[in-house]
Amino acid sequence: MNNNTDQKTLDSMHAEHGKTVGQPFCQDAKFSTRNVDVFYADNQAIYDVSLDMGKNEVIALIGPSGCGKSTYLRCLNRMNDTIDICKVTGQLLLDGQDIYAKDQDPVLLRARVGMVFQKPNPFPKSIYDNVAYGPRIHGLTSNKAELDDLVEESLIKAGLLNEVKDRLDAPGTGLSGGQQQRLCIARTIAVQPEVILMDEPASALDPIATAIIEELISELRKNYTIVIVTHSMQQAARVSQRTAYFHLGKLIEVGETNQIFTNPVHDLTEKYITGRFG
């Protein structure tokens with residue numbers, strides 16, 4: 001056996017005993033999580049997950065349904081706080097600050113860590129007011145001209161302005177599914193976040209709309225850290241720099257996306273990638 005094979009065997013053995021294999025940590029981390037456990041009453045959903053998300057990185061979370069990807073994602077902006085029976089333990093640091101510290105305001109945190117959900121959820125307001133809502137709430141602009149500029153800039157970044165510039169007063173709910181999702185991304189961008197969480201953002205969209213969203217993710221990476229949960233391994237391969245594989249609430253393997261899909265270390269990762277389960 002060569003040295004590479006020896007290391008792969010050792011890594012696989014470590015993972016069998018609960019240690020994540022691969023590259024869960026990075027030097028230029030925007031988000032650092034250590035030993036995260038999540039419980040719903042007496043049921044544990046996440047086990048001892050430690051993972052970094054780098055600055056200006058797209059990291060994809062993959063794995064079978066029910067493996068804990070979305071539960072972990074929701075820890076990163078404290079969305080699990082809205083569930084009474086949910087308990088999160090461990091350390092979750094954004095720029096070195098504990099996001100679960102008592103002096104941390106979840107509302108302000110969610111402005112820094114925006115979220116785009118699986119199904120587009122525009123407000124029952126105009127296109128303009130959908131994007132302007134967050135900046136108004138957080139007092140990000142001091143006059144109408146500044147707000148107009150911020151709305152326009154957000155729609156440009158979301159790749160939507162050219163399609164809606166002549167009907168900003170029209171209802172956001174009247175847009176197509178793909179346009180609604182980009183409107184939700186514009187709404188997220190408008191509050192000037194540092195991290196964007198995406199929970200299967202294209203799963204409800206057709207292939208053309210999906211391709212537009214994926215191009216947008218690659219463009220947004222220049223300004224944001226992006227964490228995306230996806231069931232599509234092809235999508236993960238197209239948009240991410242690193243990929244993390246979850247299985248039954250445990251983080252099994254993390255690595256550069258190309259390595260995960262062409263030469264996974266752990267047997268569970270390989271079986272999922274090759275379609276033998278999941």
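Residue pairs meeting the ring pair (Phe, Tyr, Trp, His ring centres under 6.0 Å) criterion with at least one member in residues 67-90, sequence neighbours excluded: Y72-F246.
Inspection of the E215 and S218 side chains reveals no N or O donor paired with an N or O acceptor under 3.5 Å. Remark: the D98 side chain and the Q104 side chain contain no N/O donor-acceptor pair separated by less than 3.5 Å. Side-chain atoms of Q241 and E256 form no donor-acceptor pair, as typed in the model, at a separation below 3.5 Å. Side chains of Q235 and T230: a donor-acceptor N/O pair is present below 3.5 angstrom, by distance only.
The main-chain N or O of K222 is found under 3.5 Å from a side-chain atom of N56 such that the two form a donor-acceptor pair. A donor-acceptor pair under 3.5 Å is formed between the side chain of Q44 and the backbone N or O of I46. For the pair E253 (side chain) and V265 (backbone), a donor-acceptor distance under 3.5 Å is present. Between the S50 side chain and the N35 main chain, a donor and an acceptor come within less than 3.5 Å of each other.
A 6.0 Å sphere centred on OH of Y133 holds no more than 12 heavy atoms belonging to other residues, nucleotides or ligands. In this structure, D105 places its CG atom where more than 12 heavy-atom neighbours from other residues, nucleotides or ligands lie under 6.0 Å away.
Each of V239 and L61 belongs to its own hydrophobic cluster when Ile, Leu, Val, Met, Phe, Trp and Tyr are linked at side-chain heavy-atom distances under 4.5 angstrom.
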* Asked: Should V131 and S154 be marked as a side chain to side chain contact (heavy atoms under 4.5 Å, CB included) after you check the CA-CA gap, both sets of side-chain angles, and the distance that decides it?
  -> CA-CA 8 Å; V131 183; S154 301; 3.8 Å; yes
* To do: Could you walk me through whether N80 and Y40 pass side chain to side chain contact (heavy atoms under 4.5 Å, CB included), step by step?
  => CA-CA 10 Å; N80 286 321; Y40 293 107; 3.6 Å; yes
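Among the candidates K30, R34, R242, the single residue satisfying the salt bridge (Lys or Arg N to Asp or Glu O under 4.0 Å) test with D52 is R34. Checking M198, M53, K69 one by one against V227, the side-chain contact (heavy atoms from CB on, under 4.5 Å) holds for a single residue, M53.
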